[in-house]
Participant: 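A single structure is presented below for examination.
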Amino acid sequence: MSTVYFISGLGADERMFQFLHLKCSKVYVRWIQPYEDEPLHDYAVRLAEQITEPNPVLVGMSFGGVVAIELSKFLNPRKTVLISSIASSKILPWYYRLMGFLRLHRIIPVPLLKRFHFVGPLLFGASTKAEKALLKQVILETDPHFLRWAVGQLLNWHQPDHYENAVMIHGTADRILPMGTYPGIIKVKRAGHLMVLSHASEISAILDKILEDCET
């Protein structure tokens with residue numbers, strides 16, 4: 001089976017995918033530092049230096065799914081899979097769009113946001129001790145500059161039309177990015193935003209089935 005490039009959520013890394021057991025060969029794309037006010041597409045072009053295979057297979061989680069769409073616009077992937085993510089900026093909840101309009105991500109101090117990591121499990125759907133510990137670790141380790149930039153890019157992302165060239169997997173109990181009514185979306189019942197951890201076996205089976213036609 002072909003190599004699959006995984007792009008994690010905002011500020012996270014390959015630890016988010018640690019419980020997935022897949023038949024494919026996995027490469028984890030690492031976040032790089034964005035330039036000041038760097039547009040998301042320009043950032044994706046620089047990030048693509050880590051993707052060496054032509055017509056790659058991309059799997060993006062959360063904000064990583066948004067980046068995967070930007071990568072797909074010039075990499076011509078064989079398959080783009082979005083997990084707990086969105087395929088159109090129109091699906092962002094109104095309160096996110098309001099935050100972007102008011103530029104609150106530039107006003108609220110990042111250290112203050114990190115102090116509220118204890119509410120993360122409720123919002124992200126982390127239930128086990130291991131999931132909560134990993135989530136807390138990721139929140140506290142995320143670089144403040146990257147976090148502020150990435151949140152701003154998500155809140156102001158411009159993808160008005162549904163990106164149809166992607167397969168979407170979404171939890172019905174996702175509180176961070178509530179599930180939209182995309183055609184063909186694969187629903188995971190009672191799963192939250194971190195379903196790659198909490199529902200790893202189910203997600204692994206779904207991904208293996210999706211990637212069956214990507215064999216070399």
Side-chain angles (χ1 to χ4, degrees), residues 4 6-24 26 57-69 72 79-100 116-136 138-139 150-151 154-155 157 159-213:
V4 179
F6 285 81
I7 311 167
S8 191
L10 195 156
D13 54 28
E14 64 269 18
R15 288 173 292 179
M16 286 295 170
F17 303 113
Q18 63 183 293
F19 298 132
L20 297 181
H21 297 286
L22 306 171
K23 300 174 183 177
C24 64
K26 299 180 290 293
V57 178
L58 304 175
V59 176
M61 170 195 167
S62 191
F63 180 66
V66 171
V67 174
I69 289 179
S72 297
K79 188 83 69 176
T80 300
V81 182
L82 309 182
I83 301 175
S84 303
S85 191
I86 54 177
S88 169
S89 54
K90 286 185 177 180
I91 205 66
L92 273 175
W94 66 269
Y95 42 87
Y96 284 166
R97 294 196 295 270
L98 179 61
M99 287 173 60
F116 289 92
H117 61 77
F118 59 86
V119 302
L122 175 63
L123 294 175
F124 285 86
S127 56
T128 69
K129 185 176 180 180
E131 292 168 11
K132 292 177 181 178
L134 177 56
L135 179 61
K136 178 181 178 180
V138 167
I139 292 174
V151 170
L154 175 63
L155 298 181
W157 186 45
Q159 177 64 38
D161 299 321
H162 172 70
Y163 188 78
E164 296 181 348
N165 299 323
V167 180
M168 301 188 65
I169 311 171
H170 215 105
T172 60
D174 194 321
R175 293 188 178 96
I176 298 296
L177 292 173
M179 187 178 66
T181 55
Y182 295 117
I185 190 170
I186 300 172
K187 303 176 183 179
V188 181
K189 294 182 178 179
R190 296 179 292 278
H193 196 65
L194 295 183
M195 62 183 183
V196 289
L197 297 175
S198 62
H199 293 65
S201 296
E202 189 172 352
I203 301 301
S204 296
I206 293 172
L207 282 174
D208 275 341
K209 186 172 182 59
I210 291 173
L211 299 174
E212 279 181 353
D213 62 347

Participant: Using only atom types and a distance under 3.5 Å, with no angle test, would you say the side chain of S8 pairs donor to acceptor with the backbone of E14?
Facilitator: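 No.
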
Participant: Hey, are the side chains of L194 and L197 touching, using non-hydrogen atoms and a 4.5 Å cut-off?
Facilitator: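 Side chain of L194 against side chain of L197, heavy atoms only: contact under 4.5 Å found.
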
Participant: D208 versus E212: any side-chain heavy-atom pair under 4.5 Å?
Facilitator: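 Sidechains of E212 and D208: no contact.
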
Participant: Could you tell me which residues satisfy salt bridge (charged side-chain N to carboxylate O under 4.0 Å, His left out) with R15, sequence neighbours excluded, listed by chain and number?
Facilitator: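 Only D13, E141 meet the salt bridge (charged side-chain N to carboxylate O under 4.0 Å, His left out) criterion with R15.
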
Participant: CE of M195 to NZ of K189: how many Å apart, nearest 0.5 Å?
Facilitator: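 Going from CE on M195 over to NZ on K189, the span is 14.5 Å.
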
Participant: Are side-chain heavy atoms of V4 and L211 found at a separation under 4.5 Å?
Facilitator: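 Yes, close enough: below the 4.5 Å cut-off.
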
Participant: Run the side-chain contact (heavy atoms from CB on, under 4.5 Å) test on M179 and K187 for me, step by step, so that the C-alpha distance in whole Å, both residues' side-chain angles and the decisive distance to 0.1 Å come before the verdict.
Facilitator: CA-CA 9 Å; M179 187 178 66; K187 303 176 183 179; 3.7 Å; yes

Participant: Applying side chain to side chain donor-acceptor pair (under 3.5 Å), can you list everything that pairs with S85, at least two apart in sequence or on another chain?
Facilitator: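 Side chain to side chain donor-acceptor pair (under 3.5 Å) check on S85 returns nothing, list empty.
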
Participant: Find out whether W157 and I69 are in side-chain contact, i.e. whether some heavy atom of one side chain is under 4.5 Å from a heavy atom of the other.
Facilitator: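 Result yes, sub-4.5 Å side-chain heavy-atom pair found.
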
Participant: For H162, give me all partners under ring-ring contact (aromatic ring centres under 6.0 Å, His included), at least two apart in sequence or on another chain.
Facilitator: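 Testing H162 for ring-ring contact (aromatic ring centres under 6.0 Å, His included), a comparison that skips the adjacent residues, returns Y182.
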
Participant: Could you tell me whether a side-chain N or O of Q159 sits under 3.5 Å from a main-chain N or O of D161, the two making a donor and an acceptor?
Facilitator: yes

Participant: Do F17 and M61 touch side chain to side chain, with heavy atoms closer than 4.5 Å?
Facilitator: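 Sidechains of M61 and F17: in contact.
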
Participant: Is a donor from one side chain sitting under 3.5 angstrom from an acceptor on the other, for H170 and S84?
Facilitator: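 The answer is no; no qualifying pair exists.
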
Participant: Show, in sequence, the C-alpha distance, side-chain angles and deciding distance for S72 and Y163, and conclude whether the side-chain contact (heavy atoms from CB on, under 4.5 Å) test is met.
Facilitator: CA-CA 10 Å; S72 297; Y163 188 78; 3.1 Å; yes

Participant: Side chains of L207 and I169, heavy atoms from C-beta outward: is any pair under 4.5 Å?
Facilitator: yes

Participant: Taking the side chain from S62 and the backbone from G64, do they hold a donor-acceptor pair closer than 3.5 Å?
Facilitator: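 Here the side-chain-to-backbone pair does not exist.
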
Participant: Using the rule given for side-chain contact (heavy atoms from CB on, under 4.5 Å), can you reason through M168 versus I83, listing the C-alpha separation, both sets of side-chain angles and the distance that settles it, and then say yes or no?
Facilitator: CA-CA 6 Å; M168 301 188 65; I83 301 175; over 6 Å; no

Participant: Given side chains that start at C-beta, do those of L82 and T80 come closer than 4.5 Å, heavy atoms only?
Facilitator: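 Contact flag for L82/T80 side chains = yes.
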
Participant: Taking atom NZ of K26 as the centre, does the number of heavy atoms from other residues, nucleotides or ligands within less than 6.0 Å exceed 12?
Facilitator: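 Atom NZ in K26 is crowded, with more than 12 foreign heavy atoms closer than 6.0 Å.
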
Participant: Please lay out, stage by stage, how K79 and L58 fare under the test side-chain contact (heavy atoms from CB on, under 4.5 Å).
Facilitator: CA-CA 6 Å; K79 188 83 69 176; L58 304 175; over 6 Å; no

